[in-house]
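Let me give you the structure first, and then I'll get to my questions.
Each chain gets a letter, A, B and so on, in the order the sequences are listed, and its residues count up from 1.
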2 protein chains.
Amino acid sequence: MPNALTQKLEGFEPLTDHARWTLDGLLLKVRPVGARRDLILEGDKPENVLLVLDGFACRYKILPNGQRHIIALLVPGDFCNLNVFVLDEMDHAIGTLSPCKVADIPRRAIDEAAKSHSCIARSFWWCSLVDGAVLREWLVNIGGRSPGQRIAHLLCELLMRLEVVGRVTDDSYAFPLTQTEIAETMGLSDVHVNRTLRELRALGLIHLKRRVLTILNVQRLKAFCNFTPNYLHLRNTRWGERQDTSGPGPVPRDTRDVRAGQD
Amino acid sequence: MPNALTQKLEGFEPLTDHARWTLDGLLLKVRPVGARRDLILEGDKPENVLLVLDGFACRYKILPNGQRHIIALLVPGDFCNLNVFVLDEMDHAIGTLSPCKVADIPRRAIDEAAKSHSCIARSFWWCSLVDGAVLREWLVNIGGRSPGQRIAHLLCELLMRLEVVGRVTDDSYAFPLTQTEIAETMGLSDVHVNRTLRELRALGLIHLKRRVLTILNVQRLKAFCNFTPNYLHLRNTRWGERQDTSGPGPVPRDTRDVRAGQD
DNA sequence: CGACTTATTGATGCACTTCAAGCGACGTGG
DNA sequence: CCACGTCGCTTGAAGTGCATCAATAAGTCG
């Protein structure tokens, strides 16, 4: 089974056998990390680059009033701190959400891999650009969508990102976040997350139990939150090409979205 | 007077004379653009890299219900689409807010400049990393802070970013956004932006009239929104070094922030 | 000067937060 | 093995911060 990094990068563009072999060589030092452990703290100057190979981690910041804010979810194949080559100090922290497998990669190894294969260099660059694109979409998500659409959008995004690294079967994937953590991600209260999830369940869109999420109707969930995957910039997967223009079937409308006529 | 790009990059690290000269060479094709014009549309595949040399522009997305969401503000010295080297298609649009001067830079010229000077290459990389860092801070801003703190934080950030490129005098700078545009940036209604601005004025923190913003007490404004500039990763300016640990004087507390004991 | 955009203010309603309590699952130790 | 504590989920009730609607005032540009 290919490692998550290789899988992810091939969602962008094909790699040569030799490049794949080089990538494997980056993942020599892999360690297990328990849930809710910090990998990197704000202000740290990490020596190595960390890569999530299994499990969920997140970027986060703590506001002075104590509330935590989750800025990004890191899933298998995601780099934690590719910025280490330019920025001296971390401006946010990184911690695990579930038990994880994490690779420590010496920055020199990254450097050499990038220099030896232009496709690897471009892929790494792509990683950090997609990180930014996801961030932009999240900004729109929090700023502009209703809680229901917001959470639905997150779940759609994860479906695709996890699909690329082979973590999805039958529109179902491991989703280890507690409702409080979802709240910290979505800028909502945990109580309201609970109610919103109940609503999504009632609409027959999702099933979430014991940390496993099942999307009951992908088409409808995507239509529900107007999910368009262009910002993930996948072009080498079965998802990258199609635009989902096929009929989504009946779409439950979110209450807040009544005013605009998008039909 | 040095151009905004060079000024900005030197906020990160010093450039050689030759590198400065090379950067000047990138800015041969400069054109004026009126306010509220689109520079790049979502879905475009731009040939050149665009750079804002004067005025305000923004990244934005339009949701299917018609509401616009401003994802980033682009000020003099900011690149619009450095991603052009890796991503084929724009996942968001870029438009001017005020009248601007914009440079068209052939991607080959960027490439060559980066290859000829490692400090330029690193600086460009730094640009896109800082873009991401700002985005993360915005996410926290929208997700976690009260409207008053939110707007104050934006104004503090702009103060520093504009300071670097010499657009600030006496804690005062041109701020061309309408209240509706501020609302689109902050995830608020325009009415509420109006009321929040009134509040900030009443607290004696800012003065905003005829598209000119004056910060009446920088220390207090920063303390008011807990502004910490680490995420801008400036280290070569008079701002980059100091942490503002000096006494901020009496700090008006935001109403929403009462519960947590940060004193 | 008149047309149009932007800013301002008031009134109303509800979506969300906050506070609070009960419940189930799980693990630990007596 | 059951008692007990913890943690996450769930639900209720109450308050409010913000959006929405609407109308007027103040700029701004032809």
Side-chain angles (χ1 to χ4, degrees), chain A residues 34-36 56 63 65-70 97-99 141-151 174-202 206-213 253-260, chain B residues 34-36 56 63 65-69 97-99 141-151 174-202 206-213 253-261:
Chain A
R36 288 147 214 253
F56 274 56
L63 292 185
N65 59 27
Q67 72 178 199
R68 177 170 81 154
H69 226 272
I70 294 180
L97 293 167
S98 70
N141 206 28
I142 290 196
R145 283 190 259 254
S146 71
Q149 294 179 312
R150 222 180 282 186
I151 294 178
F175 181 73
L177 303 222
T178 67
Q179 294 185 354
T180 303
E181 286 161 345
I182 299 177
E184 288 168 339
T185 309
M186 292 313 209
L188 297 167
S189 68
D190 48 1
V191 175
H192 203 66
V193 166
N194 182 293
R195 296 192 164 117
T196 306
L197 283 175
R198 193 215 300 166
E199 204 180 308
L200 292 179
R201 265 188 293 249
I206 63 168
H207 178 88
L208 176 53
K209 203 95 188 181
R210 314 185 108 265
R211 306 286 125 96
V212 174
L213 177 88
R253 295 293 276 279
D254 192 87
T255 41
R256 173 147 133 195
D257 210 46
V258 258
R259 53 199 191 75
Chain B
R36 289 146 212 254
F56 273 56
L63 292 185
N65 60 25
Q67 72 178 199
R68 178 169 81 154
H69 229 271
L97 294 168
S98 71
N141 206 27
I142 289 196
R145 283 190 258 255
S146 70
Q149 294 178 312
R150 221 180 282 187
I151 294 179
F175 182 73
L177 303 223
T178 67
Q179 294 185 353
T180 303
E181 286 162 344
I182 299 177
E184 287 168 338
T185 310
M186 294 313 220
L188 297 166
S189 69
D190 48 1
V191 176
H192 203 67
V193 165
N194 182 296
R195 296 193 163 114
T196 306
L197 284 174
R198 192 216 302 166
E199 202 180 309
L200 292 179
R201 265 189 294 251
I206 64 167
H207 178 88
L208 176 54
K209 202 94 191 180
R210 314 185 105 264
R211 307 286 126 97
V212 174
L213 177 88
R253 295 294 278 280
D254 192 89
T255 42
R256 175 147 131 194
D257 210 42
V258 259
R259 53 196 190 75

Exercise for the section: Could you check which of C:dT9, D:dG27, C:dA20 has an atom nearest any side-chain atom of A:V191? Expected result: C:dA20
Fill in the blank from the handout: Here the pair of heavy atoms bringing A:Q149 nearest to A:N141 is O-OD1, 4.2 Å
Practice task
Taking only the side-chain nitrogens and oxygens of A:R210, find out if one of them lies under 4.0 Å from OP1 or OP2 of C:dC26.
Solution key: yes
Fill in the blank from the handout: Students should find that the end-to-end axis angle of the helix from C:dC1-D:dG30 to C:dA21-D:dT10, with five pairs defining each axis and rounding to 10 degrees, is 50°
Practice task
Check whether any side-chain N or O of A:R150 sits under 3.5 Å from a backbone N or O of A:R145 as a donor-acceptor pair, and report yes or no.
Solution key: yes
Handout entry: Length of the CZ-P vector between A:F175 and D:dC9, whole Å
Key = 10 Å
Fill in the blank from the handout: A:D190 atom CG is separated from C:dA20 atom P, nearest whole Å, by 14 Å
Problem - Approximate separation, where rounding is to 0.5 Å, of A:Q179 CD and A:L188 CG - result: 11.5 Å
Problem - Atom pair distance, as rounded to whole Å: CG in A:L188 and P in C:dC16 - result: 8 Å
Practice task
For the side chain of A:Q179, starting at C-beta, report the closest nucleotide among C:dC16, D:dC18, D:dT10.
Solution key: D:dT10
Problem - A:S98 side chain vs A:F56 backbone, donor-acceptor pair below 3.5 Å - result: yes
Problem - Spacing between B:L208 atom CG and C:dA7 atom C1', to the nearest angstrom - result: 11 Å
Practice task
Would you indicate what B:S189 reaches in the nucleic acid, counting non-hydrogen atoms under 4.0 angstrom: base, sugar-phosphate, or nothing?
Solution key: base
Practice task
Check whether any side-chain nitrogen or oxygen of B:R201 sits under 4.0 Å from OP1 or OP2 of C:dT8, and answer yes or no.
Solution key: yes
Exercise for the section: Using atom NZ of B:K209 as one end and atom P of C:dT6 as the other, report the distance to the nearest whole Å. Expected result: 16 Å
Practice task
Could you state the atom-to-atom distance from NE2 of A:H192 to P of C:dC16 in whole Å?
Solution key: 4 Å
Exercise for the section: Tell me which nucleotide among D:dG27, D:dG8, D:dC18 gets nearest to the side chain of A:R36. Expected result: D:dG8
Problem - Point-to-point distance, once rounded to the nearest 0.5 Å, from CZ of B:R68 to OG1 of B:T180 - result: 9.5 Å
Practice task
Grab the CD1-P distance between B:I142 and D:dC18 for me, whole Å please.
Solution key: 13 Å
Problem - Side chain proximity check, A:I182 to A:L197, heavy atoms < 4.5 angstrom - result: yes
Exercise for the section: Give a yes/no answer on whether the side chain of A:R198 brings an N or O atom under 4.0 Å of OP1 or OP2 in D:dT11. Expected result: yes
Exercise for the section: Please check the phosphate of C:dT8 (OP1 and OP2 only) for any side-chain N or O of B:N194 closer than 4.0 Å. Expected result: yes
Practice task
Calculate, to the nearest 0.5 Å, the distance between atoms CG and CG belonging to B:L200 and B:L208 respectively.
Solution key: 10.0 Å
Handout entry: Whole angstrom value for the distance that separates P of D:dT20 from CG of B:N65
Key = 10 Å
Completion exercise
Whichever of B:R195 and B:T180 has the more 5' nearest nucleotide on DNA chain C, that residue is B:T180
